[in-house]
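Encoded as structure tokens, the structure appears first; notes follow it.
For this chain, numbers begin at 1 and follow the sequence in order. Ligands are counted one by one from 1 in listed order, and the atoms in each one are counted from 1 as well.
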Amino acid sequence: MRILFVCLGNICRSPTAEGVLRHQLEAEGLAAQVHVASAGTGDWHVGKAPDGRTRRAALARGYDLSRQRAQQVQVAHFGEYDLILAMDKHNLGHLQAMRPHTASGELDLFLRRYGAALDEVPDPYYGGAEGFEQVLDLIEAACRELVVEIKGRL
Ligand code: 4NP
């Protein structure tokens with residue numbers, strides 16, 4: 001199974017989701033059966049490691065994001081991933097507009113699908129430290145639900 005997380009810059013929210021899901025899958029012994037990646041709708045940060053604030057907040061909870069590098073989402077990704085999960089409605093709209101009609105994989109809003117109190121992961125880029133903690137809280141909880149779904153699909 002192949003899963004792609006998408007946000008705007010691919011340096012804060014979607015790299016966090018990639019790292020958290022990979023970590024949870026490793027803990028469940030499922031890492032070899034699921035390919036996890038992330039991408040941004042924008043191209044400003046392509047090739048860069050995740051934002052330093054994102055990396056530090058994630059590392060404090062045991063997630064090492066330092067080897068990730070930002071990429072921009074491509075039309076070809078729709079043929080390569082079974083599930084593409086957008087962090088906010090703006091990201092989702094962007095993805096819906098570029099999705100080929102022939103694409104067989106699913107496209108959804110990450111938190112709406114996994115029953116969180118919020119339906120979007122707020123963009124932490126221009127805010128304070130608490131925003132990065134909120135991103136982690138929301139993503140950790142939603143990834144636990146996603147792992148349950150993955151187990152049912154494998
Ligand atoms: P992300 O956060 O979409 O969670 O990676 C952002 C990163 C960079 C920018 C905006 C949001 N930016 O405007 O450069």
N10 side-chain N/O to Q71 backbone N/O, donor-acceptor pair under 3.5 Å: yes
Part of N10 within contact of ligand 1 (heavy atoms, under 4.0 Å): backbone
Under 3.5 Å: donor-acceptor pair, side chain of Q74, backbone of Q72: yes
Atoms of ligand 1 close to I11 [distance to a heavy atom under 4.0 angstrom, numbered from 1]: 5 (O), 7 (C), 8 (C)
Polar proximity ligand 1 side, P124 side, N/O cut 3.5 Å exclusive: no
Shortest protein heavy-atom distance from atom 9 (C) of ligand 1, along with the residue and atom involved: Y125 CD2, 3.6 Å
Proximal ligand 1 atoms for Y126, defined as those under 4.0 Å from one of its heavy atoms: 13 (O)
Salt-bridge criterion met for R144 and E140 (N-O under 4.0 Å): no
Identity and distance of the protein heavy atom lying nearest atom 2 (O) of ligand 1: D123 OD1, 3.3 Å
Residue H90 excluded, over 12 heavy atoms near NE2 under 6.0 Å: no
Connected-component partners of L59 among ILVMFWY, side-chain separation under 4.5 Å: none
Protein residue, atom and distance nearest to atom 14 (O) of ligand 1, heavy-atom basis: H45 NE2, 2.8 Å
Lys/Arg N to Asp/Glu carboxylate O, R13 vs D51, below 4.0 Å: no
Heavy atom of the protein closest to atom 1 (P) of ligand 1 (residue, atom name, distance): C7 SG, 3.5 Å
For residues 146-154, please give each side-chain donor-acceptor pair under 3.5 Å, one per line with the distance, not counting sequence neighbours.
residue : atom : partner : partner atom : Å
E149    : OE1  : R113    : NE           : 3.3
E149    : OE1  : Y114    : OH           : 2.5
E149    : OE2  : R113    : NH2          : 2.9
E149    : OE2  : R153    : NH1          : 2.8
K151    : NZ   : E28     : OE1          : 2.8
R153    : NH1  : E106    : OE2          : 3.0

Linked, directly or transitively: V36 and Y63 (ILVMFWY side chains, under 4.5 Å): yes
Residue C12 vicinity, atoms of ligand 1 by number, heavy atom under 4.0 Å: 1 (P), 2 (O), 4 (O), 5 (O)
Numbered atoms and elements of ligand 1 in range of L8, under 4.0 angstrom, heavy atoms: 3 (O), 10 (C), 11 (C)
Under-4.0 Å heavy-atom contact with ligand 1, by part of M87 that carries it: neither
